[in-house]
Amino acid sequence: MGRFFDLDSPLMSTLSKLADLIILNILVVICSLPLFTIGASLTAMHYVVLKMVRNEEGYIIKSFFKSFKQNFKQATIIWLILLVVIGVLIGDFLILRFSAVALPQWLHVVILAIAVILLFATVHLFPVLSRFENTVLNTYRNSFFMGILALPRTVLMMICWIIPPVVAVFAPQIMPIVFVLGISGPAYFNAMLYNKTFKRFEPETEVVSDEEWSMAPVEGEEGYVEESGEQTEPEAEIPEKEGENGSESQD
């Protein structure tokens, strides 16, 4: 019985991850309150859940705000562009639905196709931003290609995001669970799905935690050793992000 409650036991490990996800969910909600920061909050969340899936997590709060700060500008731009596109599509659907003039059928097909493309790109959008270094346009493009590349997983990722609002509507009695895990929970399961896809584009480098990097000697300090003549990181099709002060690269 004692082993059942050991810190390394499956039960305690599961409870620890559950507590981390609750903390992460609260962070996302609080940091998203200004609304224009939603993009940065979602990006930071995906940065943390991917580390959790890979058992690389350190301090949840520290990792979250590290990614939030590093990706804030680009994530905000991407989020605002996404809002504008979604607003335009909703307006188009309303026009098609309530217009007194009969509009051609091909216009319905075009708008629906754009909506589907946007959906495929959006599912991987903030995970890609949290892990890889790229321009805004290429981030959208790579997100879409990853959505197509891993089509079955992409569909499952969409289902993960649909479940919380469906549960909230049809089972309001468990709304407290949805409130504390309704964002980070689906994100964690999403990370389990896109983890293998991301590994196809990542260079094979040694995993170094944020804490180890923070304790590593820097150039000019005693104990610093520079290795010349070697390439420290192989090239990848999509370059990974490098954290501040040499911290681990992010997607």
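What you see below is based on every heavy atom in this structure, not just the backbone, and it leaves out hydrogens, waters and symmetry mates.
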Do [X] and [Y] have side chains that approach each other closer than 4.5 Å (heavy atoms only, starting at C-beta)?
{"X": "L94", "Y": "I90", "result": "yes"}
{"X": "L50", "Y": "N195", "result": "yes"}
{"X": "F126", "Y": "M45", "result": "no"}
{"X": "M52", "Y": "I60", "result": "yes"}
{"X": "F145", "Y": "H124", "result": "no"}
{"X": "I114", "Y": "V85", "result": "no"}
{"X": "P176", "Y": "V180", "result": "no"}
{"X": "Y194", "Y": "M146", "result": "no"}

Are [X] and [Y] joined in one hydrophobic group, where the rule is that I, L, V, M, F, W and Y side chains link up if heavy atoms are under 4.5 Å apart?
{"X": "L80", "Y": "I77", "result": "yes"}
{"X": "L112", "Y": "V155", "result": "no"}
{"X": "L151", "Y": "V128", "result": "yes"}
{"X": "V136", "Y": "Y47", "result": "yes"}
{"X": "L35", "Y": "L83", "result": "yes"}

Nearest 0.5 Å please: distance from the [atom1] atom of [X] over to the [atom2] atom of [Y].
{"X": "L137", "Y": "N142", "atom1": "CG", "atom2": "CG", "result": "9.5 Å"}
{"X": "L21", "Y": "S16", "atom1": "CG", "atom2": "OG", "result": "9.5 Å"}
{"X": "K66", "Y": "I61", "atom1": "NZ", "atom2": "CD1", "result": "15.5 Å"}
{"X": "L193", "Y": "M158", "atom1": "CG", "atom2": "CE", "result": "12.0 Å"}
{"X": "F64", "Y": "I23", "atom1": "CZ", "atom2": "CD1", "result": "12.5 Å"}
{"X": "L42", "Y": "L125", "atom1": "CG", "atom2": "CG", "result": "9.5 Å"}

Chi angles and distances behind the side chain to side chain contact (heavy atoms under 4.5 Å, CB included) call for T154, I148: CA-CA 8 Å; T154 302; I148 298 298; over 6 Å; no
Within the distance-only criterion (no hydrogens, no angle test), does the side chain of [X] pair as donor or acceptor with the backbone N or O of [Y] below 3.5 angstrom?
{"X": "S41", "Y": "C31", "answer": "yes"}
{"X": "T135", "Y": "N138", "answer": "yes"}
{"X": "Q74", "Y": "N134", "answer": "yes"}
{"X": "Y140", "Y": "I78", "answer": "yes"}
{"X": "N25", "Y": "G185", "answer": "no"}

Validation row, ring centre F68 to ring centre F72 under 6.0 Å: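 F68 vs F72: aromatic centres under 6.0 Å.
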Evaluation steps, side chain to side chain contact (heavy atoms under 4.5 Å, CB included), between L27 and F65: CA-CA 9 Å; L27 285 174; F65 283 108; 3.9 Å; yes
I22 vs L181, side chain to side chain contact (heavy atoms under 4.5 Å, CB included): CA-CA, chis, key distance, verdict: CA-CA 6 Å; I22 292 174; L181 288 171; 3.9 Å; yes
Those residues that, when tested against K17, pass salt bridge (Lys or Arg N to Asp or Glu O under 4.0 Å) (two or more places apart):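 In terms of salt bridge (Lys or Arg N to Asp or Glu O under 4.0 Å), with neighbours along the sequence ignored, K17 is linked to E57.
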Nearest atoms (heavy-atom pairs only) where [X] meets [Y]:
{"X": "F189", "Y": "C160", "value": "CB-SG, 4.0 Å"}
{"X": "A121", "Y": "S143", "value": "O-CB, 3.2 Å"}
{"X": "P164", "Y": "G182", "value": "CG-O, 3.6 Å"}

Worked check of side chain to side chain contact (heavy atoms under 4.5 Å, CB included) between R54 and K199: CA-CA 11 Å; R54 295 178 176 181; K199 285 185 176 180; 3.6 Å; yes
Salt bridge (charged side-chain N to carboxylate O under 4.0 Å, His left out): pairs with one or both residues in residues 86-111, sequence neighbours excluded: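 Pairs touching residues 86-111 that pass the test: none.
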Aromatic ring pairing F198/F132, orientation class (parallel under 30°, perpendicular over 60°, tilted between):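 Geometry flag for F132 against F198: perpendicular rings.
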Parallel, tilted or perpendicular: ring planes of W161 versus H46, cut at 30 and 60 degrees: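 The arrangement is perpendicular - the two ring planes meet at more than 60°.
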Given L156, V49, V53, the one that forms side chain to side chain contact (heavy atoms under 4.5 Å, CB included) with M192: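 The single option meeting the side chain to side chain contact (heavy atoms under 4.5 Å, CB included) with M192 is V53.
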Enclosure of L149 CG (heavy-atom neighbours >12, cutoff 6.0 Å):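 Result for CG/L149: enclosed.
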